[in-house]
Number of protein chains: 2
Amino acid sequence: MARSGAKRGVGSAVSSGSEETRRALVAGAIEALCEEGFSGASAREIARRAGCNQGLVFYHFGSVANLLLAALDEVSRIRLTRYQSAVAAVGSLGNLVEIAESIFKEDLDAGYISVLAEMIAGTSSTPGLGVEVAARIAPWRDFAAAAVRDTLADSPLAQLLAPEEVAHAVVALYLGLEMLAHLDGDRSPALALFDRAGQIAGLLSALGGVSTTREKP
Amino acid sequence: MARSGAKRGVGSAVSSGSEETRRALVAGAIEALCEEGFSGASAREIARRAGCNQGLVFYHFGSVANLLLAALDEVSRIRLTRYQSAVAAVGSLGNLVEIAESIFKEDLDAGYISVLAEMIAGTSSTPGLGVEVAARIAPWRDFAAAAVRDTLADSPLAQLLAPEEVAHAVVALYLGLEMLAHLDGDRSPALALFDRAGQIAGLLSALGGVSTTREKP
DNA sequence: GTCTATACTTGGATAGAC
DNA sequence: GTCTATCCAAGTATAGAC
């Protein structure tokens with residue numbers, strides 16, 4: 001995937017025409033995946049959205065699949081950064097639910113999880129795509145596992161639940177809720193679940209015996 | 001979607017060449033959706049698997065999308081029948097988890113949920129497909145809601161959880177777990193969750209105060 | 001580095017022979 | 001009812017001009 005053109009310094013703020021085109025194509029790919037799905041995200045459709053020529057997809061990324069993977073990379077980067085800053089602000093269990101809900105709304109409205117879901121669904125049709133997508137999903141699961149581990153720390157629930165298992169379930173639920181919301185064009189059933197989770201979190205803290213605040217390291 | 005040929009009696013056991021072809025095409029469509037995904041389920045690919053000519057897709061179903069919907073109908077029919085017989089055999093909460101696990105394995109191994117996931121993902125690329133798929137998913141959610149309602153009856157949890165909400169979460173989790181299992185080619189994380197749920201069910205019944213057996217009507 | 005033009009392939013869909 | 005042949009649109013990918 002090495003570029004053929006002359007290299008500039010790493011981290012250079014100046015964007016050449018090449019970098020601009022690459023960015024536009026990645027943005028177009030994200031858009032196309034969200035709005036047209038995996039099978040609608042063709043080189044022509046993406047280039048149309050990026051406002052450039054179809055041939056540039058192959059010049060810059062070699063194939064449509066590679067561009068789609070670059071789009072997934074970009075979405076991963078954006079979201080993991082956001083998640084990181086969000087969990088840093090978490091104080092209590094009820095607080096965690098509130099923050100998780102606002103994050104979920106962002107993901108849903110911006111279509112970030114759509115990109116994930118479409119890419120996973122698309123792996124069936126392109127040989128070799130599966131392992132690449134799996135490698136890019138792994139950080140999401142790792143992040144969720146770390147967050148669950150922190151939240152369960154010092155809680156009696158920690159004896160009952162393994163963080164990796166809960167993280168797997170959380171990612172799966174996140175994916176599934178997005179697909180149903182996208183299908184129905186209605187996110188309210190998903191949001192109702194967050195409200196319910198908030199109620200239960202409140203109940204747990206009222207009952208006592210369960211740690212509902214997290215240590216600040 | 002009316003057929004042009006002469007009609008035989010409803011429920012006729014004799015299969016004409018026409019019915020045989022239709023069945024083969026539906027079976028081929030299910031196979032193609034599982035193995036090649038939505039974008040790989042073309043008329044030619046499906047016809048190849050059905051062992052018949054590509055033109056027959058359009059003769060019998062009018063379009064590829066209609067055939068794919070017929071495939072989804074068939075999967076729905078098969079699974080809902082199976083679910084119905086399964087919940088009838090449920091005695092206790094721990095028993096429910098065991099049965100749910102075996103059902104999940106069946107769904108996963110036969111690729112039934114793949115069909116669901118691929119069709120949902122595919123709705124983005126075909127205008128008008130969304131409402132059709134949504135209408136075919138509704139029975140799954142209704143079934144899950146009824147099962148949850150029965151299971152929660154006479155339990156204190158019934159005050160805390162709305163059946164429709166839990167059902168939505170269950171369907172979403174089911175979908176998400178399938179997608180991750182399919183992606184990784186590894187269903188063990190999903191099965192571990194069932195084991196954990198079984199443990200918790202056992203714990204609940206040991207604690208008492210929660211009804212773990214269901215009335216047999 | 002970018003764009004136009006083009007070769008090639010696959011897919012949706014129809015017409016007409018059998 | 002099925003098959004062959006065919007049309008047309010869309011997609012991937014490359015070559016070569018600018």
Side-chain angles (χ1 to χ4, degrees), chain A residues 1-8 12 14-26 28-29 32-33 36-71 118 122 124-129, chain B residues 1-8 12 14-26 28-29 32-33 36-71 118 122 124-129:
Chain A
M1 207 57 40
R3 300 231 335 266
S4 54
K7 290 205 184 100
R8 278 170 297 106
S12 164
V14 207
S15 56
S16 73
S18 174
E19 272 306 307
E20 236 174 84
T21 303
R22 289 174 65 93
R23 273 187 236 282
L25 283 171
V26 168
L33 277 172
E36 309 293 334
F38 182 85
S39 66
S42 66
R44 284 184 156 90
E45 177 65 25
I46 293 169
R48 195 184 61 75
R49 289 169 185 269
C52 72
N53 189 276
Q54 168 256 146
L56 292 177
V57 167
F58 303 95
Y59 173 74
H60 284 295
F61 296 92
S63 70
V64 176
N66 277 338
L67 170 52
L68 296 180
L69 285 173
E118 290 293 336
S124 301
S125 58
T126 310
L129 191 58
Chain B
M1 207 55 42
R3 300 227 341 262
S4 54
K7 291 206 185 99
R8 278 169 298 106
S12 164
V14 207
S15 57
S16 73
S18 173
E19 272 305 306
E20 235 174 84
T21 303
R22 289 176 66 93
R23 273 186 235 281
L25 283 171
V26 168
L33 276 172
E36 309 294 333
F38 181 85
S39 66
S42 66
R44 287 182 155 90
E45 176 66 25
I46 294 170
R48 194 183 62 75
R49 288 169 185 269
C52 73
N53 189 275
Q54 168 256 143
L56 291 177
V57 168
F58 303 96
Y59 174 75
H60 284 294
F61 297 92
S63 69
V64 176
N66 277 338
L67 170 52
L68 296 180
L69 285 173
E118 290 293 335
S124 301
S125 58
T126 309
L129 190 59

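Each chain gets a letter, A, B and so on, in the order its sequence line appears, and its residues count up from 1. Fair warning: this is a prediction, and the values are worked out from it, not measured in the lab.
Whole-Å rounding puts the A:Asn66 CG to D:dT12 P distance at 13 Å. Across the protein-nucleic acid pair, A:Leu67 atom CG and D:dA13 atom C1' stand 14 Å apart, rounded to whole Å. Atom-to-atom, CG of A:Asn53 to P of D:dA17 comes out at 16 Å; the value is rounded to the nearest Å. Going from atom CD of B:Glu20 over to atom C1' of D:dT2 covers 13 Å, rounded to whole Å. Remark: P of D:dG16 and CG of A:Leu56 are 18 Å apart, rounded to the nearest angstrom.
In this structure, the side chain of A:Ser42 engages the main chain of A:Glu45 through a donor-acceptor pair within 3.5 Å. Between the side chain of A:Ser63 and the backbone N or O of A:Asn66, at least one donor-acceptor pair lies under 3.5 Å. With hydrogens and angles ignored, the 3.5 Å screen pairs a side-chain donor or acceptor of B:Glu118 with a backbone N or O of B:Phe38.
A:His60 has a side-chain polar atom (N or O) that falls below the 4.0 Å cut-off from OP1 or OP2 of C:dT2. In terms of phosphate contacts, A:Tyr59 brings no side-chain nitrogen or oxygen within less than 4.0 Å of OP1 or OP2 of C:dT2.
The cationic atom of A:Arg22 (NZ for Lys, CZ for Arg) lies less than 6.0 Å from the six-membered ring centre of A:Phe61 and within 45° of the ring axis.
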Please tabulate the protein-to-nucleotide N/O contacts below 3.5 Å involving nucleotides 9-13 of chain C, giving atom names and distances.
{"unit_1": "C:dG11", "atom_1": "N7", "unit_2": "B:Arg44", "atom_2": "NH1", "d": "3.0"}
{"unit_1": "C:dG12", "atom_1": "OP2", "unit_2": "B:Ala43", "atom_2": "N", "d": "2.7"}
{"unit_1": "C:dG12", "atom_1": "N7", "unit_2": "B:Arg44", "atom_2": "NH1", "d": "3.0"}
{"unit_1": "C:dG12", "atom_1": "O6", "unit_2": "B:Arg44", "atom_2": "NH1", "d": "3.3"}
{"unit_1": "C:dG12", "atom_1": "O6", "unit_2": "B:Arg44", "atom_2": "NH2", "d": "3.1"}
{"unit_1": "C:dA13", "atom_1": "N7", "unit_2": "B:Gln54", "atom_2": "OE1", "d": "2.8"}
{"unit_1": "C:dA13", "atom_1": "N6", "unit_2": "B:Gln54", "atom_2": "OE1", "d": "3.2"}
{"unit_1": "C:dA13", "atom_1": "N6", "unit_2": "B:Gln54", "atom_2": "NE2", "d": "2.9"}

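Using a 4.0 Å cut-off between a side-chain N of Lys or Arg and a carboxylate O of Asp or Glu, A:Arg23 and A:Glu20 do not qualify as a salt bridge.
Atom CG of B:Leu25 is separated from atom CZ of B:Arg49 by 13.0 Å, given to the nearest 0.5 angstrom.
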